[in-house]
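Taking it in order: structure first as structure tokens, then the write-up.
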There are 2 protein chains.
Amino acid sequence: MADVAHAAGVSHQTVSRVLNAPQTVSPDTRQRVLRAVADLGYRRNSVARALASGHTRLIGVVVDELAFHGPGSTVVAVAEAARQAGYAISLDPQVTMSTDTVSAALDRLLSRAVDAVIVVSAHGWADIDAAAAHLDVPVVSIDGALGGATASVGVDQRAGAGLATRHLVELGHRRIAHVAGPADWPQAAERRAAVAQTIAEHGLTPGPVLEGDWSARSGHVAMRRLLQRHRDVTAVVVANDQMAVGAYRALTELGRRAPDDISVVGFDDIPEAAYLSPPLTTIRQDFSALGREAVRLVLSALAGEPCPSRLIPPKLVVRASTARPRGGQSATR
Amino acid sequence: MADVAHAAGVSHQTVSRVLNAPQTVSPDTRQRVLRAVADLGYRRNSVARALASGHTRLIGVVVDELAFHGPGSTVVAVAEAARQAGYAISLDPQVTMSTDTVSAALDRLLSRAVDAVIVVSAHGWADIDAAAAHLDVPVVSIDGALGGATASVGVDQRAGAGLATRHLVELGHRRIAHVAGPADWPQAAERRAAVAQTIAEHGLTPGPVLEGDWSARSGHVAMRRLLQRHRDVTAVVVANDQMAVGAYRALTELGRRAPDDISVVGFDDIPEAAYLSPPLTTIRQDFSALGREAVRLVLSALAGEPCPSRLIPPKLVVRASTARPRGGQSATR
DNA sequence: AACAGAGGATCCCGGTGCGCT
DNA sequence: AAGCGCACCGGGATCCTCTGT
């Protein structure tokens, strides 16, 4: 910067002004400085800026399961939105999510002096809240259950699972099973609760619930068990699309077919969902919107404005894995 | 830090030394300082550190298609390896990869004063090389084709495609098609070349080649076309697993089955591959190894050691989507 | 004489590296 | 040998001066 100042025949403060508040510098001088900047290929050093100004324009992102489609899309959207606002992302992906690992991550991020933190994880919010409670930077959680001390953005899981279940009920299914996610994941619990509630609301008896771990493998195991033990089930809500892939496999192995023998609804709408056989009816979550919204909240918080938690509504995408039960009748009047 | 120094009754420089080179401080003083650090919950500020020391211990990561399994896994591995070496990650994901977007990303990263850059993208290396050529920090590319100015790590694409093709030849297939990735992606080109070469090496005539864009959708389109126009084909090498999902869908729609009517080999080994119907024979790429290796190279470069480009061998994972052609004979003696 | 705008002088951010006591 | 003082990293913020009206 000193070089630029020298080349332009001004002081370094003037250069700083040109870069930060151009209108306070006369057009003439401004041009000279800008030329010098261009000529010397000068690029201002954010480290020094951060030290002097007290903020890094860096958002720390703690994320779980980054290799999956949902979190990956969300992180891309976060980065993109942040970039547009002049912020960069410091990523701290976790392989295991626990109070310890999260607080270690927050610690690393804070020592990097991030201006805010976004936590992308569906894996429980109690820990995050606890770890984030007395931080002096804004923390926004994505996909964590709402509530607690930190602001958060999420997809309305109950609405989604309700949508899925109602779709099946309206097709005429009366015995609906659920392949749930791990019980200790709030999202899994909410989906599960909403499935049960919707079934109850329609006066049906609760169907069997099996628990998976979000993986195709676990979906396969759960569905095999389901098909073998609960022959009266005509439809199943699977808590995510990966498990639905495993469920499909189980169907094939046992000689059953969707939707003829059993209807299947997934959750997420991964890009492959439309190309499975049969194309999977599922609940679409807008992962990108989640990321953008989180950044919006962060910027609000940084600006001292209130930043209320928000729920984004999911959408039912009907494809070919659901149909009326064989010999059943539609409940739709 | 001044507070800590005061609390411990030493100067702030001594505190600095306790944190950076503990052995140069007497055990006694060291204890006092460490206590003060703990009591005050002191956490050193990397921004100031960076400014004074000249390095940020930050690795910039430019990545393409982060929402997919491969890049996602790689980034996680990069971050993990970096973390272990005391480095953090600044992420700059791209939605479109071009000379402009990449150099803008490098620019942002450099102005953040990253110590090194890792570029994760299979989308051509010429641009990256050009943009990275006269950077003063080490640049390592992952998945970019080897060669050029930047060091790189990648999976041996030719070996992988060769493995896939040879597997089919050895099963007795004589008419092998290829659903390739976009021609302007070096990896797609290499896979395509290796398929052709392997076919030629075995004295077979080249099969039809169709081009997709890595998506399930494009795999679906390509496979439909293939099945309709080239009825003599008994096996197909699909350039990635997503497209294979689409290809499966086309098979189902047209009433064909794998491997009975046609054998299918994918590429990547995404987690769902084992749960498709039939379970997909594919080429496994070790994405995590890629990430770890890239960080190793970066650290070498930073230490002033040479950092030679490296290729990681892929593996053939045989599952149920490949078999001898109907009525054909195995070429295996 | 008072005032507004342009640009300069200084100190400061929170550490590190070195020479010196 | 242990510990201290000083300069310095590269910019920002505040206050101040100078010019012209």
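First the proteins, then the strands, lettered A, B, ... as listed; each starts at 1.
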Taking it one step at a time, do A/Gln285 and A/Gln157 satisfy side-chain contact (heavy atoms from CB on, under 4.5 Å)?
CA-CA 9 Å; A/Gln285 308 202 55; A/Gln157 304 297 333; 3.6 Å; yes
With a 3.5 Å distance limit and no angle check, can you tell me whether A/Ser141 reaches the backbone of A/Ser152 through a side-chain donor-acceptor pair?
no
Separation of B/Met1 atom CE from C/dG17 atom P, in whole Å?
11 Å
So, is A/Asn20 near the phosphate of D/dG12, with a side-chain N or O under 4.0 Å from OP1 or OP2?
yes
If I take atom CG in residue B/Asn45 and atom C1' in nucleotide D/dC9, what distance separates them, rounded to the nearest angstrom?
13 Å
Rounded distance in Å - CG (B/Asp3) to P (C/dG14)
10 Å
Quick one: label A/Val15 by what it contacts on the DNA or RNA (base, sugar-phosphate, nothing), any heavy atom closer than 4.0 Å.
nothing
For the base of D/dG5, is there a side-chain donor-acceptor partner from B/Gln13 under 3.5 Å away?
yes
B/Gln23 CD to D/dG3 C1', straight-line distance once rounded to whole Å:
15 Å
Under 4.0 angstrom, heavy atoms only, what part of the nucleic acid is A/Thr24 near: base, sugar-phosphate, or nothing?
sugar-phosphate
By nearest nucleotide on DNA chain D, pick out whichever of B/Asp28 and B/Leu51 is the more 5' one.
B/Asp28
Counting distance only, does the side-chain N/O of A/Ser46 pair as donor-acceptor with the main-chain N or O of A/Arg49 below 3.5 Å?
no
Please determine whether salt bridge (charged side-chain N to carboxylate O under 4.0 Å, His left out) holds for the pair A/Arg57 and A/Asp115, giving the CA-CA distance in whole Å, both sets of side-chain angles, and the decisive distance to 0.1 Å.
CA-CA 6 Å; A/Arg57 299 191 78 77; A/Asp115 289 344; over 6 Å; no
Between A/His55 (NE2) and D/dG12 (P), how many Å, whole number?
9 Å
Winner on side-chain proximity to B/Ala52, out of D/dG11, C/dT16, D/dC4, is C/dT16
Looking at C/dG8, I'd like to know if its phosphate oxygens (OP1 or OP2) sit under 4.0 Å from a side-chain N or O belonging to A/Ser11.
yes
Assign each of B/His12 and A/Tyr42 the nucleotide of DNA chain D bearing its closest heavy atom; nearer the 5' end lies the nucleotide of B/His12
Among D/dG11, D/dG12, C/dT16, the one nearest any side-chain atom of A/Ser16 is D/dG12
Given atom CG of A/Leu19 and atom C1' of D/dG10, what is their separation to the nearest angstrom?
13 Å
Using whole Å, what does the distance between atom P of nucleotide C/dT16 and atom CZ of B/Arg57 come to?
12 Å
Are the aromatic ring centres of A/His69 and B/Phe68 under 6.0 angstrom apart?
no
Reckon B/Arg49 has a side-chain N or O less than 4.0 Å from the OP1 or OP2 of C/dT16?
yes
Tell me what A/Val47 touches on the nucleic acid: a base, only sugar-phosphate, or nothing, going by heavy atoms under 4.0 Å.
nothing
Determine whether B/Val114 and B/Ile59 make a side-chain contact, defined as any pair of heavy atoms from C-beta on separated by less than 4.5 Å.
no
Answer yes or no: side-chain N or O of A/Arg17 and base N or O of C/dG8 forming a donor-acceptor pair under 3.5 Å.
yes
If you compare every side-chain N and O of B/Ser26 against the phosphate oxygens of D/dG3 (OP1, OP2), does one of them come in below 4.0 Å?
yes
Value in whole Å for how far the P atom of C/dG14 lies from CZ of A/Arg112:
18 Å
